[in-house]
Amino acid sequence: MTDAYSQLHPGVQYHLANTLRWNDLRPTQAAAVGPVLRGDDCIVLAPTAGGKTEAATFPLLTRMADEGWEGLSVLYVCPLKALLNNLQPRLDTYAQWLGRSAALWHGDVGQPARQRILVTRPDILLTTPESLEAMLVSTKVDPRVFFAGLRAVVVDEIHAFAGDDRGWHLLAVLERLSRIAGRPLQRIGLSATVGNPEFLSSWLQGSYDDRPTSVVAPSASVGQPPDVTVDFVHSISNAAKIITALHRGEKRLVFVDSRRRAEELGAALRENGVTTYLSHSSLSAAERRRSEQAFADERDTVIVATSTLELGIDIGDLDRVIQIGSPRTVASFLQRLGRTGRRTSTSRNCLFLCIDDDELLLATGMLLAWSTGWVEPIEPPRSPRHIAAQQLLAATLQEHRLGRSTWKQWWGSLPVFDEHADAIFDHLVHNGFLDADGDLLHIGPEAERRFGHRYFSELTAVFSAPPEFLVMAGRDDVGTVGTELLIGKVEGPRVLLLGGRSWQVTHIDWKRRRVWVDPVDSGGKAQWSGLPSGIGFTVARSMRDVVRGADPAGVTLTTRARERLLELRMSLAPTVNAAGFVVHLPSDTSGRWFTWAGTAANRTLVASLPSVIDPRQRVDERSVRLLPGVSSREIASAVESVEWVDPAVDKAALSGLKFSVALPDELARETLASRLGDRASAAIAARDKRVIGHWEDD
């Protein structure tokens, strides 16, 4: 028994031994006890199913009992409601060991349950950042009473927050909660492997960066290497045949890169007689819960999911993970790989089924980066000025007024507010988002008009999604579909594919955005709007290395994959060179600069070198199109004198930046532009030695 075990509260020790039948803690849990008991801010790193929740919870319960914390004292924040639903019974069981409780509060929790929570405050509250914001601005919650005893916050799957605007929003909300509670909050982040844990630990502290901090990441024992295989299958129907034929009797989780592909694969598997369930963001919560529960209870079955099941939602013991195509990051792959190998005598595994050449190259390139031990560093989005505007409005709603000279005290030195904070504040006042009454500011008519629907519910979430229609089968909510499926021309009845089933549209309520459907046997179509994320510099360079002949270590390539990869290497060979990047300058058409620098870096190159690069092009991770007639001398001259700038942003693109209307137009454009490019990687690409090629002329 470790010394850490003996430091836990006797009640926790008793139940570990007699309820859970543990004779000791896991390495990560043992390593976390000391820092958490000291009150340090922590980042706790462990693989999926590595016991991170317990690593934070057991010592926090110990502090709760030993120090006499009363009322709501711990927040447990997750990025997904489904993950909260999954965790609450477990945390409540642990809390009851010491006569405490854990409750759930998010958008699907009804008003009666919320009222009970307000009256009899739980010791631990599981919630989302959006629900925290909603509580702070609600007329039914008194934050100074409800959060008076708050001492600590646990942020689960912190990597999912930190790389997104939701992370900045969470930090800003935690700053306000600290000031309401009248004390700094101990902040504990939980994550699987990340590339920069020290930075993440500092980032999580927000403006309280003088507090002690720890990274808890004990060395993992080296187990059996994972079984990773890459195959090339040409089509979704072929992928369905392979999944149907392989691993019968096993429980298989299949990841896809889009909701449309999830629906198409799910329908194909069901046609093959495979018991199949689906999980993606456009299915109703009830539909997802039914699928996940049914999948957890069965053996010979498949669940097809987008990234919704990448995080730690418990869907039972998995036998196999299958990936259609490839995730674009090593971190995402590690999350998916970690869903397997949890049972004794089983190993982690992942089978890649690539549909086309691009997917095969991405999969092998990403796996090559993974095989070297590299993982992407978490990088919070740059210049979160729109979050600053949102926070000013939300804090005004919370307090009913905001002082001209005192508003900055709510967030201290949090970098959400940069040198443009005063300009944002002035913009909100001058444009009617805030109304001035002497030194005090109130919510103005423009904020009411833009965000006032359903008591400013739009103001509590920092992410936006294109409008979708709710699909109703009788009284049951099936999910949502995009507008495109409802306005395109069709011959005969309009049939949708949702939840892996076909539905015939019987009525559309355009005003209320509702669609009524009846089930039919087949023929449905699935479609949602949205663009895939770009590919980063390191993965793009690894793809280039694959073209040059490198194979990812520890990865099995099937005969089909090897043969296709050989053909791909031959066709792309002229675009790579050991000496540097290749510039192709044909005599009769526009040339191309094969940078292999990643999507964001190539956007920066397009924006920064308009004298040699055609600005009118769709940018990918491999190359940029040059202007007609450009010479190698002109390219060299342009690169030598380049001044790096961010990509241009047109007004239509600002719709993807929520709260951009609450910013000065120029600041909104600068904010979005700074996120589209990658100056550092573009500079590396430009410094490469240039190799001029003319192979099409030979």
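This is a predicted model, so every value here is computed, not measured.
In summary, the side chains of His159 and Gln335 do present a donor paired with an acceptor at a separation below 3.5 Å, with no hydrogens or angles considered. With 3.5 Å as the limit, one finds a donor-acceptor pair spanning the side chains of Ser207 and Glu175. A side-chain donor from one of Gln390 and Glu133 sits under 3.5 Å from a side-chain acceptor of the other. A side-chain N or O of His427 and one of Asn431 form a donor-acceptor pair less than 3.5 Å apart. Between the side chains of Thr53 and Tyr76, at least one donor-acceptor pair of N or O atoms lies under 3.5 Å. A donor-acceptor contact closer than 3.5 angstrom is absent between the side chains of Arg382 and Ser674.
With rounding to the nearest 0.5 angstrom, the CH2 atom of Trp411 is 6.0 Å from the CD atom of Gln391. Between the CZ atom in Arg63 and the CZ atom in Arg38 there is a gap of 11.0 Å [rounded to 0.5 Å]. Here the straight-line distance linking atom CZ of Arg179 with atom CG of Leu177 works out to 10.5 Å at 0.5 Å rounding. Residue His400 holds its NE2 atom at 8.5 Å from OG1 of Thr139, rounded to the nearest 0.5 Å. The distance from the NE2 atom of His453 to the CD atom of Glu448 is 13.0 Å, given to the nearest 0.5 Å. For the atom pair Phe659 CZ and Asp165 CG, the distance stands at 9.5 Å (nearest 0.5 Å).
Shortest non-hydrogen contact noted between Phe161 and Pro129 is CE2-CG, 3.5 Å. The two residues Val215 and Ser201 come nearest to each other via the heavy atoms CG2-CB, 4.2 Å.
Side-chain atoms of Ser332 do not come within 3.5 Å of backbone N or O of Pro327 as any donor-acceptor pair. Formation of a donor-acceptor pair under 3.5 Å by the Asn196 side chain with backbone atoms of Phe199 is not found in this model. Checking side-chain atoms of Arg90 against main-chain N and O of Glu54 turns up no donor-acceptor pair under 3.5 Å. The main-chain N or O of Ser457 is found under 3.5 Å from a side-chain atom of Thr460 such that the two form a donor-acceptor pair. Judged by distance alone, with hydrogens and angles left aside, the side-chain atoms of Arg176 form no donor-acceptor pair with the main-chain N or O of Trp410 at under 3.5 Å.
Ion pairing between Glu458 and Arg450 fails under the 4.0 Å rule for side-chain N and carboxylate O. Using a 4.0 Å cut-off between charged side-chain N and carboxylate O, Arg675 and Asp646 make no salt bridge. One finds no salt bridge joining Glu666 and Arg669 here, because no Lys/Arg side-chain nitrogen approaches an Asp/Glu carboxylate oxygen to under 4.0 Å.
Within the 4.5 Å cutoff, no side-chain heavy atoms of Glu670 are placed close to those of Ser383. Counting heavy atoms from C-beta on, the side chains of Val661 and Phe451 come closer than 4.5 Å. Contact of the Leu126 side chain with the Cys78 side chain is not registered, since no non-hydrogen atoms from C-beta on lie closer than 4.5 Å. Counting heavy atoms from C-beta on, the side chains of His106 and Glu130 never come closer than 4.5 Å. With contacts defined as side-chain heavy-atom distances shorter than 4.5 Å, the pair Pro664/Arg385 does not qualify.
Ring pair Phe146/Trp105 is tilted by interplanar angle, where 30° to 60° counts as tilted. Phe425 and Trp407 have parallel rings, their planes meeting at less than 30° on a 0 to 90° scale where 60° marks the start of perpendicular.
For the side chain to side chain contact (heavy atoms under 4.5 Å, CB included) with Val154, the lone residue among Val77, Leu60, Ile124, Leu75 that qualifies is Leu60.
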